[in-house]
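Please read the structure below before turning to the comments.
Please read these numbers as outputs of a predicted model, since none were measured by experiment. Letters A, B, ... mirror the listed sequences (proteins, then strands); counts begin at 1.
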Amino acid sequence: MISKREILETNRMISDENLDVRTITMGISLLDCADADIDKFNEKVYNKITTKARDLVKVGEELERELGIPIVNKRISVTPIAIAAAGCNTDSYVSVAKTLDRAAKEVGVNFIGGFSALVHKGCTKSDMTLINSIPEALAVTDVVCSSVNIGTSRNGLDMDAVKKMGEIIKETAEMSKDNNCMGCAKLVVFCNAVEDNPFMAGAFHGVGEKDCVINVGVSGPGVVKKALEEVRGADFETLCETIKKTAFKITRVGQLVAQEASKRLGVPFGIIDLSLAPTPAIGDSIAEIFQEMGLEQAGAPGTTAALALLNDNVKKGGVMASSYVGGLSGAFIPVSEDNGMIEAASMGALTLEKLEAMTCVCSVGLDMIAIPGDTSAETISGIIADEAAIGMVNNKTTAVRLIPVIGKGVGETVEFGGLLGYAPIMPVNNYSCADFIRRGGRVPAPIHSFKN
Amino acid sequence: MNNGIITVIGKDKVGIIAKVCNYLSEAEINILDISQTIVNGYFNMMMIVDLEKSTKKFDEIYDGLEKLGESIGVVIKIQHESIFDSMHRI
């Protein structure tokens, strides 16, 4: 029988250490909604989403009550619209974004992902239509998230798309400048995007997936930090073992929620995403884990090593706790969503270049980073190219979610509110890469032997 | 197995256990394990209960215990045992 100590430990994690299940995300295929008539397509999309996800929020709330653990987000991911809507005779997918927005609001989820295109080897007409629709789509909707995959380790990088996405990010910022350039907070550029990611803004339902699945993202930086407080000053063996054991416990809760949700919704369980997702709340921060490990601030020398061992042990503990692990399963370091990161960036301890280095080991990317509004499209493309190259060469997912804040510069801050937090505007290296970006074409796939 | 874990936390006074047990017995909920301590005047109780034969649904019990807690001046929570089992048992 469960002991008193175990009950206390679990409930302390929930009440004092911000343990929660970050998201239950229902992946829904829209492939069967194809229609040449965009209005009919939109109608089918709306009906399918509102039918499949009708009980998603209700079941999530039921589980929260019964298990006594918050399930922060209930979300939906759909087939990349550039694929699902490819048969439509239209030159804009803005109406599709509006349909997704309406359907998501109808079922009560807080984000819907999949206004996406996979263009790692080039663009179809539909991909171009989608990409060109992004700035307006994100300005006129509230909960739609968009992503574009511009490279893979198998195919190399589509540099035309890299160039284009720099321009699209600028346009998206411009079109939502009255709302803190919020459009850009809902737009991710990927290399090696995954098909079963439950986290926003990059979630979409891949074409290799079933018609409908449940994916769950766990959380728990606060729990890891607290566990590390108990072993302050101990050697790396103890440090790693503690992270592993804690990750196991956190993930088991995610697995339970995923299985129960899947049973009650009558939808198969897909994966658990083992990612330590921070929130702006104090005590729910990755940067605070680094400090507990012995770094004065995130960004200090040692940060990349600290992140590598943190994430490796989260995975080692988490893999055994779940029957299927997938998604991104890396550390999220969204600067605006992590209190310790905000502090480190504000005081100059954490730079864009250090964040980039961290993405080489297991960070998912340059996430939620505010940059000066006058940063050129080519410079943004250059940053995307650098991140994508890291992902391509290292066989990992990397992502870029940058927010050029129109009308603001280094030293100022931008407020997104809620889980998206606020961010200091970070300086960008402004030496030009324009001639490099303007070359266009594709970077061939990298060689995967002779590793050094 | 359909067990629930009830935790009661609040300032100590006479009759807390009696009132909680009374509520449970009316709903045909059997108590499998109970432990209670008082630290610095604060009452802290945990119960493992069997919900199998309960005449009430989980939601009703949840609301009923919450209301009962408010009337006594303590916080009463019920959770399904599965979260503890998942976390602490392989």
ask   = What residue, out of N11(A), T251(A), I250(A), L8(A), has the most heavy-atom pairs lying under 4.5 Å from chain B?
value = N11(A)
key: Neighbour count above 12 (heavy atom, 6.0 Å) for E237(A) CD   = no
task = Enter the distance from K4(A):NZ to I48(B):CD1 here, rounded to the nearest 0.5 Å.
result = 11.5 Å
Nearest-0.5 Å distance, OG of residue S3(A) to CE of residue M46(B) = 9.0 Å
ask   = For I17(B), does the CD1 atom sit with more than 12 other heavy atoms under 6.0 Å from it, leaving out its own atoms?
value = yes
ask   = Nearest 0.5 Å, what's the OG-NZ distance between S86(B) and K249(A)?
value = 13.0 Å
key: Atom pair CD/CE of E81(B) and M1(A) - distance to nearest 0.5 Å   = 7.0 Å
request  = Might you confirm whether atom NZ of K56(B) has over 12 heavy atoms from other residues, nucleotides or ligands at distances under 6.0 Å?
outcome  = yes
request  = Could you check M87(B) against E9(A) for side chain to side chain contact (heavy atoms under 4.5 Å, CB included), going step by step and ending with a plain yes or no?
outcome  = CA-CA 10 Å; M87(B) 197 181 262; E9(A) 184 188 349; 5.7 Å; no
query = Among L67(A), L256(A), L63(A), which one satisfies side chain to side chain contact (heavy atoms under 4.5 Å, CB included) with H80(B)?
reply = L67(A)
ask   = Picking from I90(B), D33(B), N44(B), which has the most non-hydrogen pairs under 4.5 angstrom with chain A?
value = I90(B)
task = Mind checking the CD1-CD1 spacing from I2(A) to I5(B)? Nearest 0.5 Å is all I need.
result = 6.5 Å
key: Per-residue contact mode, F58(B) against chain A (heavy atom under 4.5 angstrom)   = side chain
task = Step through the shown structure and confirm whether more than 12 heavy atoms of other residues, nucleotides or ligands are within 6.0 Å of NZ on K105(A).
result = yes
inquiry  = Using the rule given for side chain to side chain contact (heavy atoms under 4.5 Å, CB included), can you reason through R65(A) versus Y62(B), listing the C-alpha separation, both sets of side-chain angles and the distance that settles it, and then say yes or no?
reply    = CA-CA 8 Å; R65(A) 253 191 160 199; Y62(B) 185 99; 3.3 Å; yes
query = Around atom CZ of R89(B), are there more than 12 heavy atoms of other residues, nucleotides or ligands at under 6.0 Å?
reply = yes
key: Point-to-point distance, once rounded to the nearest 0.5 Å, from CD1 of I83(B) to CD of E260(A)   = 11.5 Å
